[in-house]
Amino acid sequence: MAKSNSFKPGKHFLQIPGPTNVPDRVLRAMDYPVIDHRGPVFADIAKRVLERVKLIFKTDEPVIIFPSSGTGAWEAAIVNTLSEGDKVLMFETGQFSSLWYEQAKRFKLDVDFVAGDWRTGVDPKIVEEKLSKDKEHKIKALFVVHNETSTGVCSRLADIRKAMDAAKHPALLLVDTISSLASIDFKHKEWKVDVTVCGSQKGLLLPPGLSFNAISSKALEAYKKSNLPKSFWDWKPMLEMNKDGFFPYTPVTQMFYGLDEALNMLMEEGLENVLDRHTRHGEATRAAVKDWGLEILCKKPEEYSNSLTAVMVPDGHDADALRKIILDDYNMALGMGLAKVKSKIFRIGHLGDFNDLMLAGTLAGVEMGLRKSKIPFKQGGLMAAIDHLSK
Ligand SMILES: *Cc1c(COP(=O)(O)O)cnc(C)c1O
């Protein structure tokens, strides 16, 4: 069979947990002339998008859109709300929380980074303990990666919010929803999140290139006191110009056409139906993995992620060798293990523009790859998933 870059017939299966498959409707919407980003047509699109995107974050407060990957929106969340030397609380849930932590240190924040095993999420009990002890309210912010894309562990944000309230602590809550928004339930307003960070390329049905900060009025108050240098990421000129559908610098115009169409699609399906679809696909995938006799990296069922599943391969086996077989022979990309879990796990992305048959195809590809590999497993996981999907 042909390897490497030669033509492969049929659709490529992009089943990494982001970037995800971009629907044809979104690609078509982006195939449109570049227009004046300071003209009336673009302003109308931008105003409509900035208003409607709030529905996805479940907020009625402003959402800022940056021309960047998600990492930029992390930085924006930090520099707009905090000051040098501020004490903040973060949890090592996996690679993404570790990278956000490294970024926070570079901005000279004083980070209490609670070590973790990369198999569990943020523990609401530790949040409550740490905040209750902080009588002088030295901790300025709690950072949470809602869905840890490197491990397939979803932290229980509603319980984390409850823990903060129980401790009666005024810390800001900064949340990364890059791989959960529009796939796992998230409520910016109800959970009193102060800055929600997101990116375009996972549940939002878009290519990489846009990032988001949904902000609360409390975050805007914090902005006034924050002394970290900010220029490109500064919220203020954005908010002022966004009122008329404009931006302080050139926005990614094509991505706004795409986002407009992605919002149409999410609304047509209904956001709650979108979330239910991801729940079913998460359950069906886990049914397959358990039937294969393989272990899911996430330890606690209440923290299972419905946008991806990280699967462990038994000791002495190499998950990347399996991924290579599946890419070469079945034209499907699966997510690799990052950093601490490199070659120990593979990740199945089941988020974004995705349906039952695509999941069946994805799991068939994994099962066929397992047969060609030396990894011990039991055949039939695909059937277990199909049984679940047919219920
Ligand atoms: C993908 C991802 C990121 C990184 O975003 P970039 O767009 O690559 O900068 C950060 N956090 C989470 C949870 C992610 O899934």
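By convention here, the first residue in the shown sequence is residue 1. Numbering of ligands and ligand atoms starts at 1, following listing order.
- Remark: Lys342 pairs with Asp320 by the salt bridge (charged side-chain N to carboxylate O under 4.0 Å, His left out) rule, at least two apart or across chains.
- With sequence neighbours left out, the salt bridge (charged side-chain N to carboxylate O under 4.0 Å, His left out) criterion links Glu268 to Arg25.
- By the 6.0 Å and 45° rule, Lys202 stacks over the aromatic ring of Phe96.
- Ring orientation note: the planes of His146 and Phe186 are tilted relative to one another, at an angle of 30° to 60°.
- Here Glu128 does not pair with Lys125 in a salt bridge; the nearest charged N to carboxylate O distance is not below 4.0 Å.
- Taking Gln103 as the reference, nothing meets the side-chain hydrogen bond (donor to acceptor under 3.5 Å, both in side chains) condition, with sequence neighbours excluded.
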Every pair of nitrogen or oxygen atoms between ligand 1 and the protein that is under 3.5 angstrom apart - can you list them with their distances to 0.1 Å?
from, atom 1, to, atom 2, distance (Å)
ligand 1, 7 (O), Gly70, N, 2.8
ligand 1, 7 (O), Gln201, NE2, 2.7
ligand 1, 9 (O), Ser69, OG, 2.6
ligand 1, 9 (O), Gly70, N, 3.2
ligand 1, 9 (O), Thr71, N, 2.8
ligand 1, 9 (O), Thr71, OG1, 2.5
ligand 1, 11 (N), Asp176, OD2, 2.6
ligand 1, 15 (O), Thr149, OG1, 2.4
ligand 1, 15 (O), Lys202, NZ, 2.7

